[in-house]
Structures are given as structure tokens and as C-alpha cells.
Amino acid sequence: MTLSAALSRQSNDASFPTLWDELHWRGLIHVSTNEDELRTLLQGDPITYYCGFDPTAPSLHLGNLVQLLLLRRLQLAGHKPLGLVGGSTGLIGDPKPTAERTLNERETVAEWVGYLGNQISKFLAFEGDNSARLVNNLDWTAPMSAIDFLREIGKHFRVGTMLKKDAVSARLNSEAGISYTEFSYQVLQGLDFLELYREYGCVLQTGGSDQWGNLTSGTDLIHKVEGVSAHAIGTPLITNSDGTKFGKSEGNAVWLDSSLTSPYAMYQFWLNTLDADVIARLKVFTFLTREEIDEYAAKVETEPFKREAQRRLAWDVTALVHGDAAADAVVAASAALFGNGDLFALDAETVRGATQELPSARVAAGDLVAGALVETGLCSSLSEARRAIAQGGVAVNNIAVSDEAATLDSATLAGGVSVLRRGKKTLAALVFSA
RNA sequence: GGUGGAUUACCCAAGCGGCCAAAGGGAUCUGACUGUAAAUCAGCUGGCUUCGCCUUCGGGGGUUCGAAUCCCUCAUCCACCA
């Protein structure tokens with residue numbers, strides 16, 4: 001397997017005395033086991049470490065990308081990553097703070113395990129002395145009997161300790177309560193870490209800080225059973241400075257799978273990063289050096305309207321996830337669609353390239369504009385579409401539509417396509433059939 | 001096992017027989033300003049064949065001319081008692 005362009009460009013910043021210092025500077029460490037020991041451990045001989053991803057959806061999302069990039073940074077420092085997909089833990093479900101999860105079908109979970117494995121592989125190097133390895137926790141939990149599990153693993157867990165974990169106590173204090181199934185989740189994750197320690201000498205687990213209880217469940221178990229101090233790093237929850245949730249675009253998660261979130265949508269998501277957040281995002285989501293990021297920070301201060309930091313962030317992450325060519329294509333599309341120029345002046349090739357990136361629908365002259373809004377997914381119902389038009393937020397080829405009963409005319413852009421716009425930045429392509 | 005309380009739209013939360021498609025707040029969305037920002041201000045926010053009609057107030061059944069509001073029952077959660 002050869003490295004992708006994005007992967008081969010990556011490196012850690014040599015200006016930091018240690019990797020640990022760089023991780024701190026990037027804001028990737030929220031909690032951890034003993035800091036001094038970790039710093040030393042990471043500077044020493046290569047270690048094996050892991051991070052798990054549960055198949056709760058057919059794709060990973062931006063929150064998972066933080067973990068993938070942390071795995072990669074550690075790999076670049078010479079350590080050996082294990083990417084774990086939760087074939088078994090995905091069948092159980094870790095306790096969400098608010099409510100019990102609905103169990104997914106076994107077949108569905110198995111399918112998602114495959115998708116996630118493929119995605120994880122794109123972000124790690126599978127060559128060289130410290131090549132990555134994919135593991136599935138179903139491989140060691142499926143053969144284990146309930147009796148073995150309770151005798152060999154369960155005996156090491158005290159219920160008092162388990163009840164004190166935030167994830168569990170939050171649920172016990174909520175009206176939702178918690179099932180025995182989800183209560184057991186931390187034991188399964190602890191078992192994973194122990195298994196990976198025994199099989200691969202894995203001594204470090206990374207994860208989101210909301211997983212801290214599950215991470216320490218593993219370090220505690222290894223300490224009890226093997227008498228060894230294993231480590232854990234919890235990354236911070238990424239938050240937006242305006243209080244909204246990070247990683248949501250129009251209420252939906254931003255997925256790494258291009259069929260769920262298009263490269264264009266991915267690029268637009270990052271381009272719209274707040275000034276107040278963009279530097280922190282560059283630190284976490286790109287491999288730019290401290291020096292380069294400092295330069296962007298200065299530009300955000302002096303000429304924020306140019307949004308150079310946002311552009312760089314958007315290109316880098318889009319290229320990382322979807323490849324350089326896709327990133328270049330969506331930059332061109334964005335320039336065409338948001339440029340100040342007349343859309344009608346664009347040549348057919350440019351129009352085709354730009355509109356290809358957008359959600360689209362097949363229409364005919366005479367169709368209702370409101371209907372087209374629904375067809376393209378820009379509005380979820382005709383009522384909402386009419387409302388959008390009434391509010392003056394809809395335009396076809398940048399010509400405002402003011403009548404709720406307006407129909408599409410045949411004046412398309414070059415190439416027989418029209419651009420439907422809702423609000424300032426939600427676009428779709430209308431493909432006219434003869 | 002017993003008694004009492006709760007369950008309302010995306011979330012929180014009023015309503016307690018007609019004036020309820022359901023107050024208020026949050027969030028989303030749209031407009032103005034702008035940098036495809038943020039903050040701020042304003043407006044919208046169940047659906048549809050939209051001066052009207054249809055489906056919603058945990059599920060099901062009933063009383064009534066008429067129910068989110070009353071009764072029965074089931075489910076879930078909370079509290080106290082055993």
C-alpha cells in the first residue's frame with residue numbers, strides 16, 4: 001500500500017522539545033495518566049497504542065477525525081498504532097448521558113465495522129517498522145463464554161467503582177436510568193485494553209475525554225491483572241466559541257464518507273469556521289507547524305476579511321479526507337458559485353464542475369420553484385419552501401424569487417443547469433431534462 | 001407489591017372541557033449589517049390541493065355536541081411506603 005499525498009506530507013513539528021509538548025500545544029490533551037511518565041514513554045523506544053471506534057453509524061465523523069489524527073501524530077513519532085473497530089462493543093453501546101441506546105442489528109453492525117475499518121486505514125500508514133494494524137474486538141469477545149467473562153474479567157471490577165464513573169452516574173441520576181447492558185460497557189472496553197496489552201504489548205489508549213471512565217477501566221484492569229502501569233490520554237471535547245456544537249452542518253453530523261457529506265460540503269463547513277476558532281482548529285486538524293500557524297494567527301488579527309486561515313484549514317482537511325484533487329475541485333466550485341461575477345458568464349465546463357459538487361435534482365421548465373426546493377433537499381416540505389420564498393431567501397441563478405407560486409423558466413446557465421439558492425450559502429443544482 | 005406524581009412540538013416548559021396547531025424560553029431557519037463571518041436587531045418555525053382542510057399533546061379505549069384538558073387501561077420514569 002502506498003501512502004496518499006496527504007499522508008506523505010505529514011510530519012510533527014521538530015521545533016518542540018518533545019512530542020508531548022507539541023500535543024499539549026495543539027490542545028490535544030485534556031486528561032491523561034501521569035504526565036511525566038507519558039512524556040518519557042513517548043520519547044523512548046516505540047510503544048504500541050490504540051484507539052477504538054464503535055460502529056454506531058456507517059461512517060466516522062469529524063469528532064473521530066481528532067482521534068485519527070492523534071493516532072497519526074503518535075505514529076509519525078515512531079510509535080505503533082492499533083486501530084480498533086468495536087465489532088462487539090458496537091453491539092452493546094456505550095452509555096450516552098441522556099438516554100439508553102437502541103440496539104442495532106448484528107448484520108448492520110458487522111457491515112459498519114467494515115466501512116469504519118476502511119476509513120481508519122486511510123489515515124494511518126500501513127508500511128514501515130511501525131505500520132498500523134486494524135483489530136476488531138469481536139475477535140476476542142465472541143469466543144468468550146459468559147462464565148469465563150464473569151470469572152476472569154468481572155471479578156476484577158468493583159461495582160462501587162463502576163457506579164462512580166460519570167457516564168454511569170449521570171444516567172443513574174437521570175430519569176432514563178441505565179440497563180445492565182450499557183452498565184457493562186466499561187468492562188468490555190477494559191477487556192479490550194487488557195487483550196491488546198497481552199497480544200501486542202499495547203500500553204497506551206487514546207480517546208475523547210468523555211470516554212475517560214472507559215479508558216481508565218482498562219488501565220485499572222491491566223494494573224490489577226498484570227501489575228503493569230498502562231496509560232491513557234483523553235482529548236478535549238471540541239467546542240465552538242459561540243456555544244454551538246462543533247462538527248454539525250445544518251444540524252447534521254459532518255461525515256468522512258463522501259456519499260454522506262460531499263467534499264464540497266466538507267470544504268464549506270471548514271471555510272465557515274469562526275475567526276475565534278480557526279487557529280485552534282488548525283492546531284488540531286492540520287499538520288502545519290507552530291511557526292506557520294502563528295503566521296495565520298497574525299493574519300486573522302490584521303486582515304480577517306481575507307479568511308486565509310479558513311481557506312487553508314478547509315483545503316487541508318478536505319485534501320486529508322478526500323484527496324488533493326477533490327479539494328482543488330471544490331475550491332474551484334466555491335470560487336465559481338460564490339464569486340462576484342455573473343453566473344451566466346461562466347463557461348459550460350466551469351458550471352458543470354461547480355454544480356457537480358452540489359445536491360441536485362432533475363427538473364423541467366414550468367415546475368414550481370417551491371417543489372424544486374424540496375426535490376433538492378434544500379427544504380424538507382412544501383410549506384417550508386413557500387415560507388423560505390416568502391421570506392425572500394430563495395434565488396434561481398442569483399435572481400431572487402418572490403412569488404410562492406413561481407415556476408422555473410428555461411433560462412439556464414451554460415450546460416443546461418441552474419443554481420438554486422436558499423439563504424446565503426445553501427445551494428443546489430437543477431438539471432433540466434428536455 | 002402498595003400509594004402518590006409525572007409523560008406536551010427539535011430541546012426546556014405553560015396549558016387542566018370550547019377562544020389550542022397549543023403561551024414563554026432556547027435552538028434552527030430567513031432578512032438587515034458584513035468577510036459565504038461573529039455580535040446585534042427583526043421575522044419565521046406541524047402538514048397540505050393554504051382566505052380552507054388534515055394529523056399532533058406517552059400507547060390504546062371511552063364519556064361529551066366538543067378533550068392536550070374528564071374516565072378506564074397499558075407502558076415508562078420519579079418519590080415515599082413495604
Side-chain angles (χ1 to χ4, degrees), chain A residues 95-102 169-179 182 239-254 262 264-282 296-297 299-315 318 330-341 343 354 357-358 367-371 373-396 398 400-407 419-428:
Chain A
K96 285 196 292 185
T98 48
E100 185 82 8
R101 286 180 191 274
T102 307
S169 69
R171 282 283 292 280
L172 287 174
N173 291 327
S174 79
E175 292 198 350
I178 186 169
S179 66
E182 290 193 4
T239 55
N240 290 334
S241 53
D242 64 356
T244 56
K245 270 189 182 171
F246 167 77
K248 299 276 178 179
S249 173
E250 299 187 29
N252 302 312
V254 177
S262 71
Y264 168 80
M266 167 76 70
Y267 180 81
Q268 287 290 323
F269 169 82
W270 291 105
L271 191 64
N272 282 296
T273 301
L274 302 180
D275 292 357
D277 295 325
V278 68
I279 297 306
R281 299 288 179 272
L282 285 171
Y296 280 112
K299 286 177 181 171
V300 173
E301 281 296 313
T302 56
E303 40 189 20
F305 51 89
K306 285 191 179 174
R307 291 185 299 157
E308 285 190 42
Q310 278 91 340
R311 289 178 206 284
R312 181 59 189 267
L313 172 67
W315 190 90
T318 307
V330 297
V331 169
S334 298
L337 295 168
F338 286 100
N340 295 321
L343 283 177
E357 308 294 337
L358 304 174
D367 288 356
L368 276 176
V369 173
L373 283 164
V374 176
E375 289 291 310
T376 53
L378 258 44
C379 291
S380 57
S381 70
L382 269 179
S383 294
E384 190 182 312
R386 291 197 193 94
R387 209 177 295 133
I389 293 172
Q391 291 182 133
V394 175
V396 177
N398 283 348
V401 175
S402 53
D403 182 1
E404 292 179 26
T407 54
V419 173
L420 180 63
R421 178 162 59 81
R422 178 200 184 175
K424 277 192 178 143
K425 48 195 177 189
T426 314
L427 305 173

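Labels below follow one simple rule: chain letters A, B, ... track the order of the sequence lines, proteins then strands, and each chain is numbered from 1.
If you check every strand for non-hydrogen atoms under 4.0 Å, A/Asp275 touches a base. Within the 4.0 angstrom heavy-atom criterion, base atoms lie near A/Gln268. In this structure, A/Arg386 reaches the bases: a heavy-atom distance under 4.0 Å links it to at least one base atom across the strands shown. Note on A/Leu382: only backbone sugar-phosphate atoms sit closer than 4.0 angstrom, heavy atoms only; bases stay farther off.
A donor-acceptor contact shorter than 3.5 Å links the side chain of A/Arg311 to the backbone of A/Lys306. Judged by distance alone, the side chain of A/Asp277 and the main-chain N or O of A/Thr273 form no donor-acceptor pair under 3.5 Å.
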Applying side chain to side chain contact (heavy atoms under 4.5 Å, CB included) to A/Glu375 and A/Asp367, what does each step give before you reach the verdict? CA-CA 11 Å; A/Glu375 289 291 310; A/Asp367 288 356; over 6 Å; no
Under the criterion side chain to side chain contact (heavy atoms under 4.5 Å, CB included), I'd like the reasoning laid out for A/Val394 against A/Leu420: C-alpha separation, chi angles, the key distance, then a yes or no. CA-CA 7 Å; A/Val394 175; A/Leu420 180 63; 4.1 Å; yes
Take A/Arg281 and A/Asn240 through the side-chain hydrogen bond (donor to acceptor under 3.5 Å, both in side chains) test and state the conclusion after the steps. CA-CA 10 Å; A/Arg281 299 288 179 272; A/Asn240 290 334; 2.8 Å; yes
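Contact annotation: A/Lys424 side-chain N/O to B/A37 OP1/OP2 distance is under 4.0 Å. Within the 4.0 Å cut-off from OP1 or OP2 of B/A37, not a single side-chain nitrogen or oxygen of A/Arg307 is found.
If you take atom C1' in B/A67 and the same atom in B/G17, they sit 6 Å apart, rounded to whole Å. The P atoms of B/U55 and B/G66 are separated by 15 Å, rounded to the nearest whole Å. Here the separation of B/G2 from B/C12, taken at their P atoms, is 30 Å to the nearest Å. Spacing of C1' atoms, B/U56 relative to B/G5, comes out at 25 Å, to the nearest Å. Annotation: B/A79 and B/U73 have their C1' atoms spaced 23 Å apart (nearest Å). If you take atom C1' in B/C57 and the same atom in B/A23, they sit 14 Å apart, rounded to whole Å. Comparing the C1' positions of B/G35 and B/G52 gives a spacing of 46 Å, expressed to the nearest Å. Rounded to the nearest Å, the gap between the P atom of B/C54 and that of B/A68 is 14 Å.
Across the protein-nucleic acid pair, A/Lys425 atom NZ and B/U34 atom P stand 16 Å apart, rounded to whole Å. Between A/Glu384 atom CD and B/U50 atom P there is a gap of 18 Å when expressed in whole angstrom units. Between the CZ atom of A/Arg311 and the P atom of B/G35 there is a distance of 12 Å, given to the nearest Å. Rounded to an integer number of Å, the gap from CG of A/Asn240 to P of B/A27 is 14 Å. Following rounding to the nearest Å, A/Arg312 (CZ) and B/G35 (C1') show an atom-to-atom distance of 20 Å. In this structure, NZ of A/Lys306 is placed 21 Å from P of B/A38, rounded to the nearest angstrom. Taking atom CG of A/Asn272 as the reference point, atom P of B/U36 lies 10 Å away to the nearest angstrom. Note: CG (A/Leu368) to P (B/C48) measures 12 Å, nearest angstrom.
When both distances must be under 3.5 Å, the Watson-Crick or G-U wobble mate of B/A6 is B/U76. With both pairing distances under 3.5 Å, B/G18 is matched to B/C65 as a Watson-Crick or G-U wobble pair. If you check B/A42 for Watson-Crick or wobble pairing at under 3.5 angstrom, you find it paired to B/U30.
Looking at which nucleotide of RNA chain B each of A/Ser334 and A/Val394 is closest to, the 5′-most match is held by A/Val394. Heavy-atom distances to RNA chain B give each of A/Arg421 and A/Asp242 a nearest nucleotide, and the one nearer the 5′ end belongs to A/Arg421.
For A/Thr426, taking side-chain heavy atoms from C-beta onward, the closest of the listed nucleotides B/G35, B/U30, B/U36 is B/U30.
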Contacts under 3.5 Å, N or O only, protein and nucleotides 44-46 of chain B:
from  : atom 1 : to       : atom 2 : distance (Å)
B/C44 : O4'    : A/Gln391 : OE1    : 3.3

Look for any protein N or O under 3.5 Å of an N or O in nucleotides 51-53 of chain B and output each such pair with its distance, or none.
none

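A/Leu282 CG to A/Arg312 CZ: the interatomic distance, rounded to the nearest 0.5 Å, is 8.5 Å. Rounding to the nearest 0.5 Å places OG1 of A/Thr376 at 10.0 Å from CZ of A/Arg422. Rounding to the nearest 0.5 Å places CD1 of A/Ile389 at 8.5 Å from CZ of A/Arg386. Annotation: the span from A/Leu427 atom CG to A/Leu337 atom CG amounts to 5.5 Å, rounded to 0.5 Å.
In the displayed structure, A/Glu301 atom CD is contacted under 6.0 Å by at most 12 heavy atoms of other residues, nucleotides or ligands.
Relative ring orientation between A/Trp270 and A/Phe246 is described as tilted, the plane-to-plane angle lying within the 30° to 60° band.
Here the side chains of A/Gln310 and A/Asp275 are in contact, with some heavy-atom distance below 4.5 Å.
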